[in-house]
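Presented below is the structure to which this report refers.
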Amino acid sequence: SGAFKAVVCANNHTFDSGVTGFLQTRQLLDDCGISSVGAGTDLAEARRELSFTVNGIKIALFAISEGEDMLGATENSFGVRPWEVEVLVEQIRAARSKYDVILISAHCGLEYQPYPSFYVYEAFKLWSEAGADMIIGHHPHVPQGMTCFGKTPAYFSLGNFVFYQPVKFFHRKTGYFLESTAISWQ
């Protein structure tokens with residue numbers, strides 16, 4: 001088994017090769033024992049959390065994507081988890097009694113802007129108030145800093161970690177790797 005156990009598919013590139021490419025990618029992930037979250041054959045599957053246990057700690061990972069390319073799943077079509085802030089709030093509240101830790105992966109925000117947009121800040125705040133333990137943002141291609149909503153750390157954008165852009169703009173070549181140990185959740 002490899003180092004990667006899960007992949008977040010809630011982003012604007014998941015369907016770059018269409019439904020066939022998505023299904024082939026998911027099959028390859030399954031064959032390698034890697035779970036995926038945030039996209040699916042319909043809205044119910046795209047909304048479903050990924051659950052796993054680490055050192056006896058039950059964790060839920062929800063993934064959501066701003067629908068900039070109109071790739072949001074519907075009740076009858078493939079797609080990514082659409083930007084449904086209030087629906088995710090309700091899912092977090094419902095999950096709170098089943099999980100020890102709730103993580104949110106959010107693909108959102110304006111590209112190349114070095115600070116989070118107000119709507120992203122407000123969404124992250126709502127999710128933390130609903131019970132999320134950590135919120136991790138990505139998409140802008142530059143770091144956007146972090147804050148804490150109470151005890152909930154929220155990282156607005158980690159920047160470009162593996163997506164290299166050959167330009168002279170320093171922050172497009174800056175990215176962060178976030179590591180959290182299970183012991184810090186106890």
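Residues take their numbers from the sequence shown, with the count starting at 1.
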Compare all side-chain heavy atoms of [X] with those of [Y] and state whether any distance is below 4.5 angstrom.
| X | Y | result |
| --- | --- | --- |
| Ile59 | Leu103 | yes |
| Leu43 | Pro82 | yes |
| Val8 | Ile136 | no |
| Cys108 | Trp83 | yes |
| Glu129 | Val89 | no |
| Glu49 | Lys98 | yes |

Give the minimum heavy-atom separation between [X] and [Y], together with the two atoms involved.
| X | Y | answer |
| --- | --- | --- |
| Glu66 | Gly109 | OE1-N, 2.9 Å |
| Thr14 | Ala39 | CG2-CB, 4.2 Å |
| Asn11 | His13 | OD1-N, 2.6 Å |
| Asp100 | Gly56 | OD2-O, 4.0 Å |

So does [Y] get a backbone contact from the side chain of [X], meaning a donor-acceptor N/O pair under 3.5 Å?
| X | Y | result |
| --- | --- | --- |
| Arg81 | Ala46 | no |
| Thr152 | Ala132 | yes |
| Gln113 | Pro140 | no |
| Thr147 | Ala154 | no |
| Ser117 | Val120 | no |

Between Arg93 and Glu90, is the closest basic N to carboxylate O distance under 4.0 Å? yes

Are Asp133 and Arg96 ion-paired here, with the side-chain N under 4.0 Å from a carboxylate O? yes

What is the distance from atom [atom1] of [X] to atom [atom2] of [Y], rounded to the nearest 0.5 Å?
| X | Y | atom1 | atom2 | result |
| --- | --- | --- | --- | --- |
| Cys148 | Tyr155 | SG | OH | 7.0 Å |
| Leu71 | His107 | CG | NE2 | 10.0 Å |
| Ile34 | Leu28 | CD1 | CG | 7.5 Å |
| Ile102 | Ser51 | CD1 | OG | 11.5 Å |
| Lys5 | Leu61 | NZ | CG | 15.5 Å |
| His138 | Ser65 | NE2 | OG | 8.0 Å |

Side-chain heavy atoms nearer than 4.5 Å, only ILVMFWY residues, links allowed to pass through others: does that put [X] and [Y] together?
| X | Y | answer |
| --- | --- | --- |
| Tyr119 | Tyr121 | yes |
| Ile64 | Tyr99 | yes |
| Val54 | Val101 | yes |
| Phe62 | Val87 | no |

Does Tyr115 OH have over 12 foreign heavy atoms under 6.0 Å away? no

For His141 and His139, take the angle between the two ring planes, folded into 0 to 90°, and tell me which bin it lands in: parallel under 30, tilted 30 to 60, perpendicular over 60. tilted

Under 6.0 Å between ring centres, would you say that holds for Phe124 and Phe156? yes

Report the residues that fulfil side-chain hydrogen bond (donor to acceptor under 3.5 Å, both in side chains) with Asn76, sequence neighbours left out, ordered by chain and then residue number. none

